[in-house]
**Student:** 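Sharing a structure with you now.
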Number of protein chains: 4
Amino acid sequence: MVVRERGRGRARGRRQDVLGHVVEVMIERGFHQTRFKDVAEASGVAISTLQVYFSTREDMLVEALRTSTRAEVDSMRAEVGELTDPWDQLAGLVDRGFATPVPVWRMLMEFWTAAAYDEALRADSHQLQASYRAPFEAVLNAGIESGAFRTRHEVAVITDLIVTTLDGLLYPRVLAQPQPAVQDLRDLLLDQLRVTLGVAR
Amino acid sequence: MVVRERGRGRARGRRQDVLGHVVEVMIERGFHQTRFKDVAEASGVAISTLQVYFSTREDMLVEALRTSTRAEVDSMRAEVGELTDPWDQLAGLVDRGFATPVPVWRMLMEFWTAAAYDEALRADSHQLQASYRAPFEAVLNAGIESGAFRTRHEVAVITDLIVTTLDGLLYPRVLAQPQPAVQDLRDLLLDQLRVTLGVAR
Amino acid sequence: MVVRERGRGRARGRRQDVLGHVVEVMIERGFHQTRFKDVAEASGVAISTLQVYFSTREDMLVEALRTSTRAEVDSMRAEVGELTDPWDQLAGLVDRGFATPVPVWRMLMEFWTAAAYDEALRADSHQLQASYRAPFEAVLNAGIESGAFRTRHEVAVITDLIVTTLDGLLYPRVLAQPQPAVQDLRDLLLDQLRVTLGVAR
Amino acid sequence: MVVRERGRGRARGRRQDVLGHVVEVMIERGFHQTRFKDVAEASGVAISTLQVYFSTREDMLVEALRTSTRAEVDSMRAEVGELTDPWDQLAGLVDRGFATPVPVWRMLMEFWTAAAYDEALRADSHQLQASYRAPFEAVLNAGIESGAFRTRHEVAVITDLIVTTLDGLLYPRVLAQPQPAVQDLRDLLLDQLRVTLGVAR
DNA sequence: TATGAATGAGCCTTCATTCAT
DNA sequence: GATGAATGAAGGCTCATTCAT
């Protein structure tokens, strides 16, 4: 029923479209450098219309970050769930993390740096972290329960290690730093996890 | 050498002082939110004087980031070198990383996010990364040569793992996220490194 | 005549209602500070509907002032006429002026200040003044004809004195100035009028 | 020493000049219609400079009103003092009031209407009223003490009557209303005051 | 008739920068 | 060398108004 693009609810869809453009612009120019003008040009929507949609520039940017980061984590969580073997699932999650495209890293960078100066966004970032960690902890717990994993470390700590390492990829990827070599790093990390979880090679 | 405090030297000293204030302000307000006005107020130096010192706002901020990040890495490298046992040295470096104070993380965050949009700063960041990695690689190589470490992984990759994990602490610390539990994470990381390097508990 | 509440009549009634709200808002915020938005919120009518009613913001405000000031003077004129003794009538008019409530003063203030910058409103203000003066002149003339008043001054000038004094109350009342003391002022004014009109105490 | 128009204190004089232009513009366009742009054009000073001088538009307007109203009252008070006979002094003050030029009335109108919506200005208006009333009360008291005036009314009330009547001239003058006839009104007012004060014709 | 959607015009404000002292 | 004065450029925001339903 895309046909009824005209009528009272038309603005709703356009608003959503714009949010996508906001993220694009933000990735290209950075949070604080993103002007209404930029988004207007990128989206073809008049500045004043943007203000009707989002009230304030800050609100626009924040909403864009909120929705896109949430969507990103949701898509990750959806993507796993299909595998059944605990180790495969874990490795899948890790691989997903290593495969994060640079634009997504940039978006996260904008989100987190903005959060460093914004109380509300910081709270959001905590929620986001919890959402991101959940699948890891779930898989680890499932593996332990099923006997596939055996470890003397706490699930939370193992998750810490994985997630922290993945987060540590952000700047190297965004800044195109020569190190780390992701493939080798990924192999080493999984190697160590096998030892830690008592999984045969 | 207090003598050259007058003449050209005095201005140089004042300039250096100002750079410290620039970093302070930048940590508090963020790179793009740091105005001449803020630095003038923090340092007690008139705006026009700041411009005499640094020409442009961007130049001022970039110089401040460059010098302070370099100083930070230099101080870290100086701090090690005293221990003799390879494992102790490695653990020392790791502990140093875990002990990084939040303000330093914030400074790094500003540096790296700025670098994401600035070619020159990005080059700087590559140099900085090399400087930061060097002591880790040196210790690892020394340990291998002395027979203290035995591993089938490349030194560069092991360094990748350590450094990436440490970098991954940045946002959690800056954003005061509940996870990771640094102490436990540190223990797990060292545990795994012991296995990887064939070091007895 | 509730019947013509539907059709063209209903809109007319709603329009009238809105005019009342316009005056309310104008008294609270001032002529030039009164936005469509304010009136829309106060009246529960959509902005675009207001524009259908009144075309332009200025038109809306002007119409509201015109109708409300006229209504105010009309009500005053209606209120008198009942007393028979000329002096009582005159005193009644004066008392009515002294009893003018602050909101009415504010409305007049908005009307007159707007008129200072609007030719059409200024013409209205002249008409209004004439309407307001008429009862005073009528009473004075009647009193003179009946022999109740004896004076060597012209009726118009006496009216001037009364009306000007009453007008002079506007800002003190609106601004809640400590002076004048209205009761005492009223007594003194009437005292002097007795002398001027040759009326015994 | 007008010569040192250049140097550190140059801005001071320019600022004062601008305030005059602000009043001019305000008289012509009204308080709320006075834009930075208008003042910039009238004074030849750049908008941003105006903001350096006065910070905010509102501040600029308020300061202009404050200083000009004060100056106006001061000049009135200075102008009297020269006469010696109490009645002549009183009549002089009244005549001064009747002679108030329309631009001054407009300025007062702007001041008072602005004060109606601004707490701080309202306080100013109270002060201004006190300053304006003072000479009237002084003359009345002096006349009573010297025996030139004899009255059973309080000085404050007589002052109320005079000042209120004068204030009542504001809108008629600003709006060029046909009434009152100022000369006749002035004569009647003075006639009545003679009676009230027991002064022979 | 009534209203939601969209937009351009205009204004205040912040800020870096130039200039003169 | 250091600083106050002045200004242009640019962005956010408010608001009236037009258009389509």
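Letters A, B, ... are given to chains in the order of the sequence lines, protein chains preceding strands, and every chain is numbered from 1. Note that the structure is predicted; figures quoted are calculated from it, not measured.
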**Student:** Are more than 12 heavy atoms from other residues, nucleotides or ligands located less than 6.0 Å from atom CD of A:Gln33?
**Tutor:**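 Above 12, so yes.
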**Student:** Specify the separation, in whole Å, of atom CZ of B:Arg57 and atom P of E:dC15.
**Tutor:**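 Value for this atom pair: 9 Å.
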**Student:** What is the distance, to the nearest angstrom, from the CG atom on C:Leu50 to the P atom on F:dC15?
**Tutor:**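 Taking CG of C:Leu50 and P of F:dC15, I get 15 Å after rounding.
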**Student:** Can you measure B:Arg14 atom CZ to F:dA2 atom C1' for me and round it to whole angstrom units?
**Tutor:**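 These atoms are roughly 7 Å apart.
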**Student:** What integer distance in Å separates A:Arg15:CZ from E:dG4:C1'?
**Tutor:**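 Rounded to whole Å, this separation is 15 Å.
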**Student:** Tell me which of D:Asp38 and C:Thr49 sits closer to the 5' end of DNA chain E, going by the nucleotide each one is nearest to.
**Tutor:**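 Upstream on the strand: C:Thr49.
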**Student:** Closest to the A:Ala46 side chain: F:dG4, F:dA16, E:dT7?
**Tutor:**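 Nearest to the side-chain atoms of A:Ala46, counting from C-beta on, is E:dT7.
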**Student:** According to a strict under-4.0 Å criterion, is D:Tyr53 in side-chain N/O contact with OP1 or OP2 of F:dA6?
**Tutor:**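 Checking F:dA6 against D:Tyr53, a side-chain N or O does come within under 4.0 Å of OP1 or OP2.
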**Student:** Figure out the CG/C1' separation between A:Leu61 and F:dG11, and round it to whole Å.
**Tutor:**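 It works out to 13 Å between those atoms.
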**Student:** Touch check for B:Ile47, heavy atoms < 4.0 angstrom, all strands: base, sugar-phosphate only, or nothing?
**Tutor:**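 Here B:Ile47 touches the bases of the nucleic acid.
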**Student:** Would you say the side-chain atoms of B:Tyr171 pair up with the backbone N or O of A:Trp112, donor to acceptor, closer than 3.5 Å?
**Tutor:**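 No: the side chain of B:Tyr171 does not pair with the backbone of A:Trp112.
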**Student:** Hey, what do you get for CG (D:Asp59) to CZ (D:Arg66), rounding to the nearest 0.5 Å?
**Tutor:**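 So the gap between those two atoms works out to 8.5 Å.
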**Student:** Reading DNA chain F from 5' onward, which residue's closest nucleotide shows up sooner: A:Thr56 or D:Gly44?
**Tutor:**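 This one resolves to D:Gly44.
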**Student:** Under a 3.5 Å cut-off on both pairing distances, which runs of 3 or more consecutive Watson-Crick or G-U pairs involve DNA chain E?
**Tutor:**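 So far as stems of 3 or more pairs are concerned, DNA chain E shows E:2-21 with F:2-21.
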**Student:** Starting at CD of D:Glu41, measure out to NE2 of D:His21 and round the result to the nearest 0.5 Å.
**Tutor:**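 Reported value, rounded in 0.5 Å steps: 12.5 Å.
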**Student:** Measure from CZ on B:Arg35 to P on F:dG11 and round the result to the nearest Å.
**Tutor:**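 Result: 12 Å.
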**Student:** Please find the pair of heavy atoms, one from C:Val23 and one from C:Met107, that lie closest to each other, and give the distance.
**Tutor:**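 Reported closest heavy-atom pair: CG1-SD, 4.0 Å.
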**Student:** On DNA chain F, compare the nucleotides closest to C:Ser55 and A:Lys37; which residue's is nearer the 5' end?
**Tutor:**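 The 5'-side residue here is A:Lys37.
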**Student:** Nearest heavy-atom pair of B:Phe36 and B:Thr56: which atoms, and what distance?
**Tutor:**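 Looking at all heavy atoms of both residues, the closest pair is CZ-C, 3.8 Å.
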**Student:** Rounded off to whole Å, could you give me the CZ-to-P distance for the C:Phe54 and F:dA16 pair?
**Tutor:**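 Computing the C:Phe54:CZ to F:dA16:P distance gives 14 Å.
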**Student:** For D:Arg14 versus D:Gly44, what's the shortest heavy-atom pair and its separation?
**Tutor:**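 Closest pair (atom of D:Arg14, atom of D:Gly44, distance): NH2-O, 4.2 Å.
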**Student:** How many Å lie between CD on A:Gln51 and P on E:dA9, as a whole number?
**Tutor:**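 Nearest whole value for this atom pair: 15 Å.
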